[in-house]
Number of protein chains: 2
Amino acid sequence: MDAAAIREKLEATGLRCTPQRYTVMSFLMAHHDHPTAAEIFAAVNTADPRLSRATTYNNLRDLVEAGLVREVATEGRAARYDATGEQHHHFICDRCGKMEDIPWHPVPSPTANALGKRVVRECELIIRGLCTQCAPHRRTTPKPPTSKPSNHRSHN
Amino acid sequence: MDAAAIREKLEATGLRCTPQRYTVMSFLMAHHDHPTAAEIFAAVNTADPRLSRATTYNNLRDLVEAGLVREVATEGRAARYDATGEQHHHFICDRCGKMEDIPWHPVPSPTANALGKRVVRECELIIRGLCTQCAPHRRTTPKPPTSKPSNHRSHN
DNA sequence: ATGCCAACTTAGATTATGTCTAAGGTGAGA
DNA sequence: TCTCACCTTAGACATAATCTAAGTTGGCAT
């Protein structure tokens with residue numbers, strides 16, 4: 001997506017297209033691996049050292065409120081973001097914690113009975129299991145290369 | 001579930017049934033509202049002041065690793081826990097952020113094609129929308145009583 | 001029975017993540 | 001050209017989680 005399109009997207013929601021905001025939005029649209037706020041900050045701050053941490057967080061919040069970006073639900077402590085393009089499901093690896101996108105397919109909503117007066121906007125699937133890299137190992141060595149540290153209580 | 005049953009559950013996974021661990025497990029089995037680690041600590045520490053914060057976190061991690069407890073995926077920053085009893089889906093309110101359980105119903109796994117070599121353990125639904133309390137309001141006042149603070153950049 | 005050792009607990013320090021404060025910059029429209 | 005709302009910023013602060021180093025406990029080998 002080109003610059004003008006991003007600008008339009010932002011302005012359509014009432015947000016000014018500042019250089020900082022543009023940079024954050026543009027980064028998110030180019031990275032579909034659910035970066036954390038810290039990762040986004042590191043990347044955009046390297047690209048443009050003017051961009052401060054507070055601004056990164058402010059802009060992420062603004063973009064989420066505007067509906068241009070979503071905060072994905074994960075077990076980790078750091079919030080992860082995703083420029084809402086096409087909808088997709090998520091796969092979370094039990095062993096390495098990695099989160100991957102799974103192509104969208106519609107899922108059945110619970111019965112009206114189970115939902116009561118709740119109003120449903122969307123239904124997303126969280127699939128758990130072993131990712132392509134971890135599946136062959138099954139339950140051998142505890143953790144693969146880059147992952148959640150997970151250093152249990154290794155004690156002394 | 002009585003004390004002996006909890007003890008057996010713990011010992012079946014190789015964990016000692018210490019008073020502290022028992023207290024944490026027992027609390028989680030009695031509360032199905034996805035308490036945060038901080039809430040769990042506050043509750044168990046009040047019940048038994050010997051129980052320290054580090055121990056609460058250590059035990060939660062041990063229980064999760066043992067598969068007796070799960071850490072639920074949420075957008076919030078604090079991890080939330082759930083004693084794995086019967087499976088259920090989750091509903092997250094867009095407006096107040098509350099997470100509620102939805103009775104289980106089986107959901108279709110994605111096609112083998114979309115999954116590749118991944119091994120699926122379970123599929124959980126995350127349903128988003130407006131909860132019973134928030135639905136009537138639709139998009140009127142920004143937030144209900146007890147919720148995510150959400151105090152945007154209110155500035156000066 | 002005793003001593004060992006791994007599992008466990010603990011208080012407090014430390015790290016990681018996110019938010020707030022107070023000040024200043026920017027630009028569209030009066 | 002003034003103004004005011006919107007925006008950015010550095011750094012202080014708050015919150016959530018983990019680590020450290022020391023002590024406790026209990027099963028078990030001797």
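The analysis underlying the following values was restricted to heavy atoms, covering all of them including side chains, and did not include hydrogens, waters or symmetry mates.
Distances shorter than 4.0 Å separate none of the side-chain N or O atoms of A/R53 from OP1 or OP2 on C/dT17. The side chain of B/N59 contributes an N or O atom lying less than 4.0 Å from OP1 or OP2 of C/dT9. Proximity of A/T18 to the phosphate of D/dT8: a side-chain N or O atom is located under 4.0 Å from OP1 or OP2. Look at B/Y57 and you'll find a side-chain N or O under 4.0 angstrom from OP1 or OP2 of D/dA17.
Distance A/R80 CZ to C/dA16 P: 15 Å, rounded to the nearest Å. Taking atom CG on A/D62 and atom P on D/dC6, their separation rounds to 11 Å, with Å as the unit. The distance between atom OH of A/Y22 and atom C1' of D/dC7, rounded to the nearest whole Å, is 19 Å. Summarising the geometry, the separation between CG on B/L15 and P on D/dG26 is reported as 16 Å, rounded to the nearest angstrom. Following rounding to the nearest Å, A/L60 (CG) and D/dT8 (C1') show an atom-to-atom distance of 14 Å. Distance, A/E75 CD to D/dA17 P: 13 Å, rounded to whole Å. The interatomic distance linking B/L51 (CG) with C/dT9 (P) rounds to 8 Å, in whole Å. A straight line from CG of A/N58 to P of C/dA23 spans 18 Å, rounded to a whole angstrom.
With the nearest nucleotide of DNA chain C identified for both A/A54 and B/R50, B/R50 has the one nearer the 5' end.
Here the nucleotide nearest the side chain of A/A37, chosen from C/dG18, D/dC19, C/dA7, is C/dG18. Ranking C/dT10, D/dA17, C/dA7 by closeness to the A/R77 side chain, first place goes to D/dA17. Side-chain proximity of A/T55 to D/dC7, D/dT9, D/dC19: nearest is D/dT9. The side chain of A/A78 lies closest to C/dG18 when the candidates are C/dC8, D/dA17, C/dG18.
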(Q) For a ring pair (Phe, Tyr, Trp, His ring centres under 6.0 Å) check, start with the C-alpha distance between A/H32 and A/H88, then their side-chain angles and the critical distance, and finish with the verdict. (A) CA-CA 11 Å; A/H32 284 204; A/H88 52 260; 7.4 Å; no

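Although no hydrogens or angles enter the test, the distance criterion places a donor-acceptor pair under 3.5 Å between the side chain of A/N45 and the main chain of A/L51. The backbone N or O of B/T18 sits nowhere less than 3.5 Å from a side-chain atom of B/R21 that would complete a donor-acceptor pair. Between the side chain of B/E65 and the main chain of B/D62, no donor-acceptor pair closer than 3.5 Å is present.
Stacking of B/R7 on the aromatic ring of B/Y22 is not recorded, the 6.0 Å distance cut-off and the 45° axial limit not both being met.
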